[in-house]
Amino acid sequence: MANVPLVVGFACSLALAAGWNATNLRTVIDPPHPVAGLDVNDTSASASLLGQFRTNTSSWLWLRTDLYLHNGVELRPLTNSEKRAGMQGVGTSEKDLSKALNEDSVVTSIPSPHRDFRGWFGDLDRATAPYKAMKNHSHNNPEQAIPLFRLMTWIDPNFIEGWTVGSTVIARDRSNNGTEKAIQFLNEGLKQNPESISILNELAFTYITRKKDLHTAVQYLELSRVSAVKYRGTLRDDEKEEATQVYRWLGLCYRDLGEREKMIQAVQEGRSMFPDDAVLAILADQPPRILTDKGQAAWEKLRTDAAKGKTAQTEADAHNLN
Amino acid sequence: MKFRIYRALARAVVLESIRRKDLWVVAILGFLILLASGALGFFGVQGLQLFAKDLAASVLSLFSAVVAVLTSCRLLPEEIKQRTLYPLLARPISRLDLLIGKLLGAVIVTWIAFLMLCALTAVALTTFHVQFEPIMIQYIIIKMMGLVVLCALSLTFSAYMTPQAAATMSIILAFGSGVIVRGLIMAYNGVGPATQWIYKLIAAALPQLGVFDLGGRAANIGWSPVSGAVVLQLFLYMATYTGAMVLIAWAKFRRQAV
């Protein structure tokens, strides 16, 4: 019995030691190079429990956010067979959110009467669930969703889309205050995900479009470029698209800053990584700034005609191939 | 006469539930609701009213379904296992009456639990300054109709399988039937006409519990209550499906050796 306090003391010391060193687990729970969003928790088996919880919760919040923006109407992506059958998405009338939410290829989860085989059950479903035809729909005031973006990024700081779409929603307030808040939100995300191409791009995009500050934008784009090169072998499709954007924006920024050498360097590097990208190809063909406006117009007409001819030829080839 | 039998049987189920302290489970679940709302308050109430309403509807749906399934699934197997069925059947009541009485009891217990959870949720929502709207009353009434269907489904499963298996099947259908139906809708146009009738059959046979959940409308802004005609159709569906379930359970139970 005399040993009981000793055992309890030893157990407490053990627990304290474990707690003291708990911060060391962060490298396991939070892998050091979180490039992707939701995939980050799959990169380490040890991260599974906490990671799964965080990812699932943030994913669930993400879905709720989408629901709130559509006033409860649930949307889903078109299936491949639906796309092949020529089915169109509902689309949105708001272009700024269209980019963030990609709504040109989504339809309502509860189908419209003409594509619902359930008859009476379908009618009941549409009558009791939040349902309406969503063709060219608008959205609820996204500001309602801002606390959710804060919540989901707090729960899962590696949820990249939470940061980027959240900043888009915040930036819908087009005042300086809104822009500053969006940049602050993105910077918080960047602290947690210092190599995220998407967050760096979004920051650069905000500086370009809202603040017209190309110098700061270029700094972020260069960081993004480093990240793209570092992880070029493991980038997912959506990250590749982001990486392509990096080189496009870098090319444009350097062009407008009059730094032609850097522009060529960036565009060439981009073309070496993404040889099929048409925008980079056009950028590589940009006329030097020394041309007059008239000369530049003539140059652009020449290139446009050539591009049209090439497109027509490609279509003809594809047709013949079919 | 029958009504008195049903009332006596239902009363026994309710008393048994109180004796077993089932409602303590509800109290614990309610405590969890309050705890969750407290945690939500940690992030600041401002701007989260919509989320709080939505979360409340989801939690109510989840907990009430769990209570309905657990209450209904064990009624018949326990009566048989504890041999309390003999004195019941020795009285002048048919096995069909017994099933109906048990179902009524399960429904009443579930409704009591659901209303308790609603009251606790209302307290939690009040702390978020959520405005209560008429559609919330309709949500509660229609949800109670849906719980009848779920109780009938669980009772029927328990006539054919062990309580554990019945509970598992009921939970799967309670939360999965909507997903299955959505999957069928998405796949329907991709299959040939010869197969499409199977899809229709499965969709019709599955319990459409989702149509009894007005949580989405109640939680979001500007949705009006559903029309009386829709409520009537839901009532008819509830009555028909529940009747069918009781008959299916009776088909097994009337021949079952006890």
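Letters A, B, ... mirror the listed sequences (proteins, then strands); counts begin at 1.
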Fill in: Test salt bridge (Lys or Arg N to Asp or Glu O under 4.0 Å) applied to B:Lys200 - qualifying residues, sequence neighbours left out
none

Worksheet item: Does the side chain of A:Arg118 come within less than 4.5 Å of B:Val181's, by heavy atoms?
Response: yes

Worksheet item: Do the rings of B:Tyr188 and A:Phe117 sit parallel, tilted or perpendicular, given the 30° and 60° boundaries?
Response: parallel

Worksheet item: B:Gly216 and A:Pro130: which non-hydrogen atoms are nearest, and at how many Å?
Response: C-CG, 3.6 Å

Practice prompt. Could you tell me whether the side chain of A:Asn71 and the main chain of B:Asn220 form a donor-acceptor pair under 3.5 Å?
Written response: no

Fill in: B:Leu184 portion near chain A, given a 4.5 angstrom heavy-atom threshold
both

Worksheet entry | Atom pair CG (A:Asp125) and CZ (B:Arg182), whose distance is rounded to the nearest 0.5 Å | 5.5 Å

Item to complete: Quick one: list whatever passes side chain to side chain donor-acceptor pair (under 3.5 Å) with A:Thr209, sequence neighbours left out.
Response: none

Worksheet item: By a 4.5 Å heavy-atom criterion (distance strictly below it), what part of B:Arg217 contacts chain A: side chain, backbone, both, or neither?
Response: both

Worksheet item: Does any non-hydrogen side-chain atom of B:Leu234 lie less than 4.5 Å from one of A:Leu124?
Response: yes

Practice prompt. Considering non-hydrogen atoms only, spot the tightest contact between B:Ile185 and A:Pro111 and give its length.
Written response: CG2-CG, 3.5 Å

Worksheet item: Do you know which of A:Tyr68, A:Phe121, A:Trp120 has the most heavy-atom pairs under 4.5 Å to chain B?
Response: A:Tyr68

Practice prompt. Among A:Arg150, A:Glu82, A:Arg76, A:Arg115, single out the residue with the greatest number of heavy-atom pairs under 4.5 Å to chain B.
Written response: A:Arg76

